[in-house]
Trainee: 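Please see the structure below; I have some questions.
This structure is a prediction, so every number in the text was calculated from the model and none was measured.
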Amino acid sequence: SELFIEQAQFAMAANMDIDDDFNLDLSFSGKKPNFDLFLAFAPEELAPLLNRYENGGDVYFNASVKGPSANGNSPHIEVDFGCAEAFVENIEVSKEVNQLFFQGHFTNGVRNHPSTMMLSISDFNATPGTGIFKGDIEVKNFESPEIDMEVNSTFDLNFLAQFLGLEDVQDVSGDVSLKMNFHDIIDLDDPSKAIENLNESYYTELEVNNLNFTSRDFHLPIRDVNILASMDGHKAVVEEFSFKSGNSDLNLKASISDLPAIIHHTDIPVDVNLDITSSMLDFAELTKVLEDSVGFNEQVKNLSMGFQFKSTAKAITESPNLPLGEFFVKKLNAELTNYPHRLHDFNVDIMIDTIDFNVLDFTGYIDKTDFHFDGKLGNYDIWFDEKPKGITTIDFNLTSDLLQLKNLLAYGGEKNIPKDYHEEEFENLKIHAFTELNFQEKLASAELRIDKIEAFMKVHKMHFKRFGGLLCMDRNLI
């Protein structure tokens, strides 16, 4: 039998043997000169969006269902589908993706079961404006999907923004290219196990050149965005991520030793590195939202810094409190406008576990002032309880060969120390202290014990030795 609906031609032939476990022999086929019939099944809220587009092409499918379907049996299913010489046009802006072609196939396999199902879409081709898009995808075993995918595409970003009707961005220019080869097996019951089979492979290269745009959500144009990122095997590398906005510029470089381990939420160790440089970050301009508003009045010049952390995906995403692992800041250097000093050679090494927060090393320089800090915050986890109960301890050391007060306590042209101490310097400073905080649903008592303060004051010629003290506080007294 045949049926015609809105220029669509459907044909069906059927035989059914009820006595033989409801044995089916069905065949279906359909042809249509556009995708409208399929789009009719889209949610109603998408109608205003879909009404922007006209489409056409030779769309077809052929399907068969054969075999017993009762008493625990599943029939065998084969479906071929695809389109040729198709197009999709945004009629509001006259932007069209044409030469759309693909071939698809679905089967439930030799066992007529999700474990033997296979879906493939091959020779997917399209021409978005002056760009290209080519792709293939195959999914086997719907119980634990094995995915193979290849994509090769280039897009003019102005065409893409207009075709998609992106109203939040304007004045778009630039281009993007994406190459991808992807193979992975996903364990839907426990995604972390998939990577243990070592049967995945990845290669991806993303390049964005000279992207410029303005946005309704941000008051400054974004310009000169350049991105070069790749993934080969498990390692992901961002060789360049740079952009400019107003007076500010930023350049990022990054690497992830095992990106699939993060995707699959495994316990495999992961090493992440991030390097940041900038000749100028004008926070006053970046944070000034309205013409008459005042943003954060600070500028950072000649910024350079590196971040590194060593952890696992589970330790970061599934920790109940803070991310777990070892975290580093390497060689932070910067110059600030209102804090007229040069920060240089800052290094931080922090280790976090489930109950302790350890600052193994925090060293750096502010102009000629140097400092070294290390400490441990014990039982920090109770701080995240709604009604904390228990004792938290803080044990720290602070040392400095030379500490100049004018380098630390001046901001915006004001020196926040008495005039007699403007030029004071401390040499060979050593401080060690221990704090104990007692929580009984809220802070019940605190004890600060300073067992060492040693230093020499250069201007006032005072020498501190064996200074110490004890400060106790509870709900009633100090």
Trainee: Which value, rounded to the nearest 0.5 Å, describes the distance between Phe283 atom CZ and Asn297 atom CG?
Mentor: 12.0 Å
Trainee: Any salt bridge linking Glu167 with Arg52? Criterion: basic side-chain nitrogen under 4.0 Å from a carboxylate oxygen.
Mentor: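 Result for this pair is yes, salt bridge flagged.
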Trainee: Within the 4.5 Å heavy-atom criterion, are Leu437 and Thr435 side-chain neighbours or not?
Mentor: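 They are in contact (side-chain heavy atoms under 4.5 Å apart), so the answer is yes.
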Trainee: Just by distance, with hydrogens left out, do Asn181 and His183 show a side-chain donor and acceptor under 3.5 Å apart?
Mentor: no
Trainee: Would you tell me whether Lys389 and Gln440 have side-chain atoms, one donor and one acceptor, within less than 3.5 Å of each other?
Mentor: no
Trainee: Side-chain contact test, heavy atoms from C-beta onward, threshold under 4.5 Å: evaluate it for Gln299 versus Met280 and give yes or no.
Mentor: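 In short, these two side chains touch, coming nearer than 4.5 Å.
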Trainee: For Ser279 and Asp249, does a side-chain donor sit closer than 3.5 Å to a side-chain acceptor?
Mentor: yes
Trainee: One thing to verify: whether Lys331 and Asp345 come together as a salt bridge, which I'm taking to mean a side-chain N less than 4.0 angstrom from a carboxylate O.
Mentor: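 The answer is no: the pair does not qualify as a salt bridge.
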Trainee: Mark yes or no for whether Asn108, through its side chain, and Pro75, through its backbone, hold a donor-acceptor pair below 3.5 Å.
Mentor: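 Looks like yes, one N/O pair under 3.5 Å.
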Trainee: Restricting to non-hydrogen atoms, name the atom on Gly165 and the atom on Asn90 that form the minimum distance, rounded to 0.1 Å.
Mentor: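 So the minimum-distance heavy-atom pair works out to N-ND2, 4.1 Å.
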Trainee: Looking at every non-hydrogen atom in both residues, tell me the closest pair between Asn125 and Asp123 and how far apart they are.
Mentor: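 It is ND2-O, 2.9 Å.
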Trainee: Which residue in the set Val237, Leu274, Ile262 passes side-chain contact (heavy atoms from CB on, under 4.5 Å) when paired with Ile256?
Mentor: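 Considering Val237, Leu274, Ile262, a side-chain contact (heavy atoms from CB on, under 4.5 Å) with Ile256 is found only for Ile262.
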Trainee: Does a donor on one side chain sit under 3.5 Å from an acceptor on the other, for Glu96 and Asn98?
Mentor: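 Per modelled atom types, Glu96 and Asn98 side chains form a pair under 3.5 Å.
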Trainee: Would you say the side-chain atoms of Asn226 and Glu240 include a donor-acceptor pair closer than 3.5 Å?
Mentor: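 Note: Asn226 and Glu240 side chains miss the donor-acceptor criterion.
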Trainee: Going by distance alone, is a donor N or O of one side chain under 3.5 Å from an acceptor N or O of the other, for Asp80 and Asn62?
Mentor: no
Trainee: Does any part of the side chain of Ile366, heavy atoms only, come nearer than 4.5 Å to the side chain of Phe346, both counted from C-beta?
Mentor: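 The answer is yes, as the side chains (C-beta and beyond) meet within the 4.5 Å cut-off.
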Trainee: Minimum heavy-atom separation for Ala433 and Ile450, please, with both atom names.
Mentor: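 In terms of heavy atoms, the two residues are closest at CB-CG1, 4.1 Å.
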Trainee: Would you tell me whether Asp401 and His372 have side-chain atoms, one donor and one acceptor, within less than 3.5 Å of each other?
Mentor: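 Checked: Asp401/His372 side chains show no N/O donor-acceptor pair below 3.5 Å.
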Trainee: Looking only at side-chain N and O atoms, does Asp136 offer a donor or acceptor that is under 3.5 Å from a partner on Ser122?
Mentor: no
Trainee: Under a 3.5 Å threshold, yes or no: a donor from one side chain and an acceptor from the other, between Glu78 and His76?
Mentor: yes
